[in-house]
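Data first, discussion second: the structure below is written as structure tokens.
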Amino acid sequence: MSDLLRGLNPQQLAAVTLPPQHALILAGAGSGKTRVLTTRLAWLISTNQVDPAGVLAVTFTNKAAKEMLTRLSAMLPINTRGMWIGTFHGLCNRLLRAHYRDAGLPQLFQILDSADQLAAIKRLLKALNIDDEKFPPRELQHFINAQKEQGIRANAVEAWDGYVRQRVELYEAYEQQCQREGVVDFAELLLRSYELLSRNEPLRRHYQSRFRHILVDEFQDTNVLQYRWLKLLAGDGACLFCVGDDDQSIYAFRGADVGNMRDFEREYRVDNVIRLEQNYRSHGNILDAANAVIKNNLSRLGKNLWTEAGAGEPIRVFEAMSDGEEARWMVEEIKALVRDGHSRAEIALLYRSNAQSRILEHTLFSAGLPYRVYGGLRFFERQEIKHALAYLRLIANPDDDTAFARIVNFPPRGIGARSIEQLQDAARAAGSSLHAAIPAVPGKAGATLAAFAALIEKLHEAIELPLPELVEHAIELSALRSHYLTEKEGQDRVANLDELINAASSFTAEEGRVGEEGELAADLASFLSHAALEAGEHQAGEGDDALQLMTVHSAKGLEFNAVFISGLEEGLFPHENGIKEDKGLEEERRLMYVAVTRARQRLYLSFAQTRMLHGQTRYNMPSRFIEEIPAGLVKWLTPKIKVQAPGGRQVHTGVDSYRPTTRAQSGIGFRIGQSVKHAKFGPGVIVNAEGGGNDARVQVNFGKAGMKWLALSVAKLDAA
DNA sequence: ACTCATTAAATTTTT
DNA sequence: TTTAATGAGT
């Protein structure tokens with residue numbers, strides 16, 4: 001037991017050994033958050049304060065849940081199987097599977113991922129003959145999810161105007177469609193299990209008395225409904241132990257509500273919030289920079305990271321002429337790092353938006369540096385896998401129209417748009433699923449459809465097979481394999497289909513129930529849930545020791561010896577869409593905070609004067625976030641103050657072997673891309689010019705002050 | 001039913 | 001630039 005607590009700092013120890021009470025742990029980046037969470041769990045169990053079955057621990061990602069389980073089993077000789085440790089969605093799924101009748105769901109209900117949900121909405125709009133110009137499917141999806149994430153059903157939405165009312169009707173119709181098809185989307189998993197517990201008192205009491213301790217990871221990312229779910233489950237008896245960092249809340253756009261932290265503190269009278277501020281990850285300069293940046297945010301619970309490690313190296317800042325130059329500089333710098341013995345896998349290239357990865361990839365590829373990009377397609381999201389899964393879903397539930405529509409004509413079997421339209425009309429008229437409406441379609445189309453129905457029927461007969469064989473059977477019988485074999489570039493897809501069979505094998509092995517009679521259908525259902533809830537690894541890159549490329553969002557929770565943050569420009573990072581709303585800017589800043597705190601030893605920041613975006617050259621100002629870092633922590637690799645010499649030549653004083661020495665002149669005394677200064681609008685960059693002589697006008701991006709056209713004969717514009 | 005061409009739109013995304 | 005989604009043509 002004392003082993004368990006060894007090496008914890010005072011705050012960590014206090015958090016881990018807190019007596020049974022509600023607790024809020026403010027855990028800064030790199031402060032040992034996961035360790036505290038798992039040690040708390042182990043300590044509670046090993047001191048017999050709670051039975052393993054009396055604990056519920058919830059995370060956001062499967063990775064985090066798995067990590068917690070692994071660490072826990074390393075600390076304690078207990079069987080973690082059967083413990084309620086998982087993601088919100090995973091636990092809700094478990095709850096709904098166990099009580100599907102009470103929840104009003106079919107036993108083998110299927111889970112729609114975001115793409116499935118969007119497809120279902122499009123199908124709905126088409127069936128209702130609704131103009132998708134007026135109701136863009138994506139927007140509607142967002143609307144529905146936003147309501148659900150606040151726990152609001154269609155009948156409870158406050159419809160201010162006609163437009164909202166129409167969307168509420170569609171929300172309602174969507175709900176009916178899902179119910180008829182026996183499918184639930186991600187948000188529905190949460191909402192449905194919340195409603196299940198809140199309406200079913202015996203059930204609620206059962207779980208409330210079972211769980212004595214509820215531990216929550218990444219609490220700052222919970223949405224309104226998740227917090228209510230936690231409160232409901234905790235009841236009056238359980239202790240809520242919430243760990244989070246308001247400064248790392250970067251998912252507000254997805255419904256996460258940092259306000260939950262304050263609410264929790266208030267509602268549960270948490271009087272001693274424990275702050276984990278000692279950082280074990282980064283050198284001092286990096287932490288100081290992060291602290292300085294985040295200080296500009298007004299709405300914070302307050303926290304200041306410190307470290308026992310030394311100041312370390314300065315933060316290196318590079319100003320490039322163009323995005324291409326920025327990328328080439330990064331390559332040179334990376335090569336130098338690797339020469340100095342850094343492993344490539346310990347170097348991360350971070351960016352605000354995915355579009356920026358292209359030029360980086362291109363440049364790295366040319367330089368022959370191996371890299372791995374996160375954020376691509378994941379295994380269970382691949383087209384061929386989704387197709388195969390759709391067949392499996394139809395085996396489990398023929399009324400799953402989303403699955404049906406996906407594969408009714410894939411591989412192509414002569415069922416065209418016309419036939420499908422007829423079928424949809426028939427289904428609509430009968431109020432039935434597409435599958436059930438097949439007999440109602442007359443003529444040749446009806447016959448082709450009937451053949452498809454026969455295929456489904458035949459597949460269904462195989463439900464008694466063990467899962468891996470069932471998967472293989474479906475892939476064969478559906479002709480998916482033969483279809484991809486004939487395709488030119490189908491080899492990878494066939495390989496993935498084989499991989500799906502493997503996945504089914506290892507899934508059955510891990511679940512540990514090798515085909516008990518009558519459990520086979522349940523096996524299929526849980527495999528399908530697994531596929532929906534754990535989309536699998538992101539696309540794997542080649543090479544073991546590869547550079548890590550990812551967005552700042554996906555870097556959360558990771559750390560690297562050296563980190564490059566590129567594209568630090570106004571409009572990009574902070575992103576222009578985030579600057580518009582005042583809350584948006586604070587979220588952008590938290591994003592910067594997350595990015596900076598990924599670095600252990602070395603941090604590079606870079607920006608470019610010109611950048612190709614959407615096929616057009618853009619001229620951006622340096623990001624305000626660079627200025628927010630105290631100058632003393634920073635080493636500019638390019639001169640910070642540029643001196644404009646006669647003849648348009650760039651004169652500089654610092655170390656700079658990358659900068660070209662000449663630039664094109666426009667002939668009006670200013671050039672596009674030039675930094676200028678205006679008495680009223682402040683510093684800016686010239687992005688466009690027209691006319692000449694007395695009529696010359698230039699367009700200037702003043703960043704904070706916006707974009708202006710200025711006549712040179714009138715405006716007082718100086719070279720900066 | 002499939003291919004080609006045009007058009008519009010374009011952050012971030014744990015489940 | 002690039003992608004996805006439509007429409008025309010084969």
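Order of the sequence lines sets the chain letters (A, B, ...), proteins ahead of strands, with each chain counted from 1.
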Requested in this report: Please work out if Gln356(A) contacts a base, only the sugar-phosphate, or nothing of the nucleic acid, heavy-atom cut-off 4.0 Å.
Outcome: nothing
Query - Pairs satisfying side-chain hydrogen bond (donor to acceptor under 3.5 Å, both in side chains), at least one member in residues 83-92 of chain A, at least two apart - result: none
Report task. Look at the side chain of Arg254(A) against the base of dT15(B) and say whether a donor-acceptor pair falls under 3.5 Å; ignore hydrogens and angles. Result -> yes
Requested in this report: Measure the distance from CD on Gln220(A) to C1' on dT14(B) and round it to the nearest whole Å.
Outcome: 11 Å
Query - Side-chain H-bond candidate by donor/acceptor type, Asn409(A) with Arg413(A), under 3.5 Å - result: no
Query - His575(A) over dT11(B), stacked by centroid distance under 5.5 Å, angle under 30° - result: yes
Would you list the protein and nucleotides 3-6 of chain C atom pairs, both N or O, that sit under 3.5 Å from each other?
unit_1, atom_1, unit_2, atom_2, d
dT3(C), OP1, Arg358(A), NH2, 3.3
dA5(C), OP1, Lys122(A), NZ, 3.3

Report summary line: Of Ala256(A) and Ser419(A), the one whose closest nucleotide on DNA chain B sits nearer the 5' end is Ser419(A)
**Report entry** N-O pairing of Asp245(A) and Lys556(A) below 4.0 Å
**Finding:** no
Report task. Could you tell me whether Gly557(A) contacts a base, only the sugar-phosphate backbone, or nothing, with contacts defined as non-hydrogen atoms closer than 4.0 Å? Result -> nothing
Requested in this report: Return the set of residues passing side-chain contact (heavy atoms from CB on, under 4.5 Å) with Phe253(A) (not counting sequence neighbours), or none when no residue passes.
Outcome: Tyr251(A), His553(A), Glu587(A)
Query raised in the report: Residues two or more places apart in sequence or in another chain: which of them pass ring-ring contact (aromatic ring centres under 6.0 Å, His included) with Tyr174(A)?
Result: none
Report task. Give Phe88(A) one of three labels, base, sugar-phosphate or nothing, depending on what nucleic acid heavy atoms sit under 4.0 Å from its own. Result -> nothing
Query raised in the report: Can you find a side chain N or O atom of Asn577(A) that sits less than 4.0 Å from OP1 or OP2 on dT12(B)?
Result: no
Report task. May I ask you to say what Ile415(A) touches in the nucleic acid, namely base, sugar-phosphate or nothing, with a heavy-atom cut-off under 4.0 Å? Result -> sugar-phosphate
Query raised in the report: Do we see His614(A) stacking on the base of dA10(B), given a limit of 5.5 Å between centres and 30° between planes?
Result: yes
Query raised in the report: With sugar-phosphate meaning primed atoms plus P, OP1 and OP2, does Asn62(A) contact a base, only sugar-phosphate, or nothing at under 4.0 Å between heavy atoms?
Result: sugar-phosphate
Report task. Considering only NZ, NE, NH1 and NH2 on the basic side and carboxylate oxygens on the acidic side, decide whether Glu381(A) and Lys386(A) come within less than 4.0 Å. Result -> no
Query raised in the report: Arg378(A) CZ to dT14(B) C1': how many Å, rounded?
Result: 8 Å
Query raised in the report: Who pairs with Arg358(A) by side-chain contact (heavy atoms from CB on, under 4.5 Å), at least two apart in sequence or on another chain?
Result: none
Query raised in the report: Among all residues two or more places apart in sequence or in another chain, which pass the ring-ring contact (aromatic ring centres under 6.0 Å, His included) test with His530(A)?
Result: Phe380(A), Phe507(A)
Report task. Please state how far atom CE in Met68(A) lies from atom P in dT14(B), giving the value in whole angstrom units. Result -> 19 Å
Query raised in the report: If the P atom of dT13(B) is compared with that of dA4(C), how far apart are they to the nearest Å?
Result: 16 Å
Requested in this report: Specify the separation, in whole Å, of atom CZ of Phe219(A) and atom C1' of dT14(B).
Outcome: 17 Å
Query raised in the report: Is the base of dT11(B) syn or anti, if syn means a glycosidic angle within 90° of 0?
Result: syn
Report summary line: Rounded to whole Å, CD1 of Ile579(A) lies from P of dT12(B) at a distance of 16 Å
Requested in this report: Just call it for Thr59(A): base, sugar-phosphate, or nothing, with non-hydrogen atoms closer than 4.0 Å on any strand.
Outcome: nothing
Requested in this report: Please figure out whether Ile250(A) or Pro412(A) has its closest DNA chain B nucleotide nearer the 5' end.
Outcome: Pro412(A)
Query raised in the report: What integer distance in Å separates Leu585(A):CG from dT12(B):C1'?
Result: 15 Å
Query raised in the report: If you check every side-chain atom of Phe60(A), which of dC2(B), dT11(B), dT14(B) has the closest atom?
Result: dT14(B)
Query raised in the report: Please give, in whole Å, the distance from dT15(B) C1' to Trp229(A) CH2?
Result: 13 Å
Query raised in the report: Under 4.0 Å between a side-chain N or O of Ser554(A) and OP1 or OP2 of dT14(B)?
Result: no
Report task. Could you check how far CG of Leu225(A) sits from P of dT15(B), rounded to whole Å? Result -> 18 Å
Query raised in the report: Does Phe573(A) have Arg624(A) sitting over its ring (NZ/CZ under 6.0 Å from centre, angle to axis within 45°)?
Result: no
Report task. Would you indicate, yes or no, if dA10(B) has its OP1 or OP2 atom less than 4.0 angstrom from a side-chain nitrogen or oxygen of Asn354(A)? Result -> no
